[in-house]
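First the structure, in the form of structure tokens, and then the observations on it.
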Amino acid sequence: MRRRDFIRLAGGAVAWPLVAQAQEARKVFRILWVSTATEPDPFLDGFREGLRATGYVEGKNVIFETCCSPGNPQALREFISELRRGDADLVVSSGPATRAMTAVTEVPVLFALSGDPVALGVVKSLAQPGTNFTGATFLSLELAGKRVELLKDIYPKVRKLAVLSNTDHPGEPSEWRATMQACNGLGIDPVYIPFFGARELDSALRTAAGVVADAMLVFPDAVTMVHRASIAALALAHRLPSMFGWCEYCEAGGLLSYGANQRATYYWLASYADRILRGEDPATLPVMRPEKFELAINLKTARRLGVQLDTSSILFRANKVIA
């Protein structure tokens, strides 16, 4: 894939040479946004909003370039040589695009990753990254157990739980262990349905359809996120109450989700961008871990499954109710 096929200036109205000429006396920072999502990217909007809150104005003291290769992280690797020329002041990698950036050492890289950045090898520890990478991780083992508890709350009949898990996801073994522990404590028999990347997802879904389970839990990652609508449809077709990691799954037809608000995380990630652009070393900036989480419920899905909701508990606790 050639560069011009999937890189373009964000908004199309900002021309780097013109900005540079007009701002010769001032630094205009160049930020490269790297993503495997399709455009428009709502998370980029969250990051931009955060930058504006810290005083940055696009075209005046910062410009964006977006490098998007929907569903194909490999294509992004072509940019590594370009990045090594040092033209960019900062790279922001969204989701699985971080994998394509692992060889980049010349430019600070901010990431927002659903998995474990230590397992991926981009930081040495969450507290002290020790590399040119830092950012935020959505992975929280506490959430793995909490998702099982919430599913049990809304559907007490669950005894056998199908667990759909992408083993290509950094930190997946830890997430599976935490889920097993939660299931054991609640008297639930988890049925592990692993798959490796997108190419094995269809096979895993067929396996999930054949498991005589009471409910389904899906680990959040880029692959299940992309295919969230088909996964939610399968759960509904087999009358499985489903639990996911982020509200986007619930909006696509899943019954429940519990996890970080991704857009808000990208907003706060912009504060790290500001600190790095001001000269701080990303090696010393601890990886963020979201502390506020949202519970989402899809009432339409609940009605189709015949799930009786306790309005005094789950609905009262929900941050987002999808009618």
Side-chain angles (χ1 to χ4, degrees), residues 10-11 29-58 61-70 73 76 88-101 104 107-117 120 122-123 126 129 132-140 143 169-170 220-222 224-226 228 244-252 257-278 280 282 285-294 296 319-320:
F29 296 104
R30 180 181 179 229
I31 298 178
L32 199 62
W33 177 272
V34 183
S35 173
T36 56
T38 55
E39 297 185 81
D41 188 337
F43 303 141
L44 173 57
D45 291 340
F47 183 74
R48 276 179 158 145
E49 185 180 349
L51 272 187
R52 287 195 292 271
T54 55
Y56 289 86
V57 179
E58 283 191 62
N61 56 2
V62 67
I63 60 171
F64 277 100
E65 285 188 15
T66 58
C67 303
C68 297
S69 177
L76 295 172
D89 296 291
L90 177 67
V91 175
V92 184
S93 62
S94 177
T98 304
R99 287 182 175 229
M101 298 294 107
V104 174
V107 184
V109 179
L110 271 179
F111 59 78
L113 190 66
S114 60
D116 183 350
L120 184 60
V122 294
V123 300
L126 298 184
N132 59 313
F133 284 72
T134 189
T137 174
F138 299 115
L139 181 65
S140 173
L143 293 187
H169 190 233
D221 81 299
T224 59
M225 179 74 166
V226 168
R228 59 191 182 279
F244 298 88
W246 305 319
C247 70
E248 288 83 0
Y249 293 86
C250 214
E251 292 167 348
S257 69
Y258 185 67
N261 182 305
Q262 295 193 80
R263 182 173 175 129
T265 300
Y266 281 97
Y267 177 92
W268 290 112
L269 199 62
S271 66
Y272 267 14
D274 176 48
R275 293 173 66 174
I276 292 170
L277 293 177
R278 289 175 183 272
E280 287 196 52
L285 297 175
V287 175
M288 296 180 183
R289 301 179 69 186
E291 296 179 352
K292 292 184 178 180
F293 308 105
E294 60 182 14
N319 306 96
K320 187 169 188 176

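- Looking at heavy atoms from C-beta onward, Leu120 lies out of side-chain contact with Phe111 at the 4.5 angstrom threshold.
- Using bins of under 30°, 30° to 60° and over 60° for the plane-to-plane angle, the ring pair Phe29/Tyr56 lands in the perpendicular bin.
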### Message
Quick one, Cys250 with Glu294, criterion side-chain contact (heavy atoms from CB on, under 4.5 Å). Give me CA distance, side-chain angles, the key distance, then yes/no.
### Response
CA-CA 12 Å; Cys250 214; Glu294 60 182 14; over 6 Å; no
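- For the residue pair Asp221 and Thr224, a side-chain donor N or O sits within less than 3.5 Å of a side-chain acceptor on the partner.
- Side-chain contact between Cys247 and Asn261 is absent, with no heavy atoms from C-beta onward closer than 4.5 Å.
- Here Glu49 pairs with Arg263 in a salt bridge; the nearest charged N to carboxylate O distance falls below 4.0 Å.
- In this structure, Thr134 and Pro129 approach most closely via the heavy-atom pair OG1-CG, 3.8 Å.
- Residue Val91 is tested with Ile31, Val107, Val104 for a side chain to side chain contact (heavy atoms under 4.5 Å, CB included); the sole match is Val107.
- Relative ring orientation between Phe138 and Trp246 is described as perpendicular, the plane-to-plane angle rising above 60° on a 0-90° scale split at 30° and 60°.
- Minimum heavy-atom separation, Pro282 to Pro108: CG-CB, 4.1 Å.
- Remark: side-chain polar atoms of Thr137 are not paired, donor with acceptor, to backbone N or O of Arg289 under 3.5 angstrom.
- Nearest heavy-atom pair across Leu51 and Ala273 is CD2-CB, 4.2 Å.
- Between Val123 and Val287 there is a side-chain heavy-atom pair separated by less than 4.5 Å.
- The distance from atom CZ of Phe293 to atom OG of Ser140, rounded to the nearest 0.5 Å, is 5.0 Å.
- Checking side-chain atoms of Arg228 against main-chain N and O of Met225 turns up a donor-acceptor pair under 3.5 Å.
- Counting only heavy atoms from C-beta outward, the side chains of Val57 and Val62 never approach each other to under 4.5 Å.
- Looking at Pro170 and Arg99, their side chains come closer than 4.5 Å, going by heavy atoms from C-beta outward.
- Remark: Tyr266 OH to Asp45 CG distance equals 12.0 Å, nearest 0.5 Å.
- Glu280 CD to Leu285 CG: the interatomic distance, rounded to the nearest 0.5 Å, is 5.5 Å.
- The OG atom of Ser94 sits 8.0 Å away from the CD atom of Gln262 when rounded to the nearest 0.5 Å.
- Tested against Phe47 for a ring pair (Phe, Tyr, Trp, His ring centres under 6.0 Å), the candidates Tyr272, Tyr267, Trp268, Trp33 yield a single pass: Trp33.
- Separating the CG atom in Leu90 from the CG atom in Leu110 is a distance of 5.0 Å, to the nearest 0.5 Å.
- Salt-bridge check for Glu58 with Arg48: passed, with a basic side-chain N closer than 4.0 Å to an acidic carboxylate O.
- For the pair Leu143 and Gly259, the tightest heavy-atom approach, listed with the atom from each and the gap, is CD1-CA, 4.1 Å.
- Between Pro290 and Thr265 the shortest heavy-atom distance is CG-OG1, 3.7 Å.
- Of all the heavy atoms in Asn61 and Gly55, the pair that sits closest is ND2-O, 3.5 Å.
- The line from NZ of Lys320 to CD of Glu251 is 3.5 Å long, rounded to the nearest 0.5 Å.
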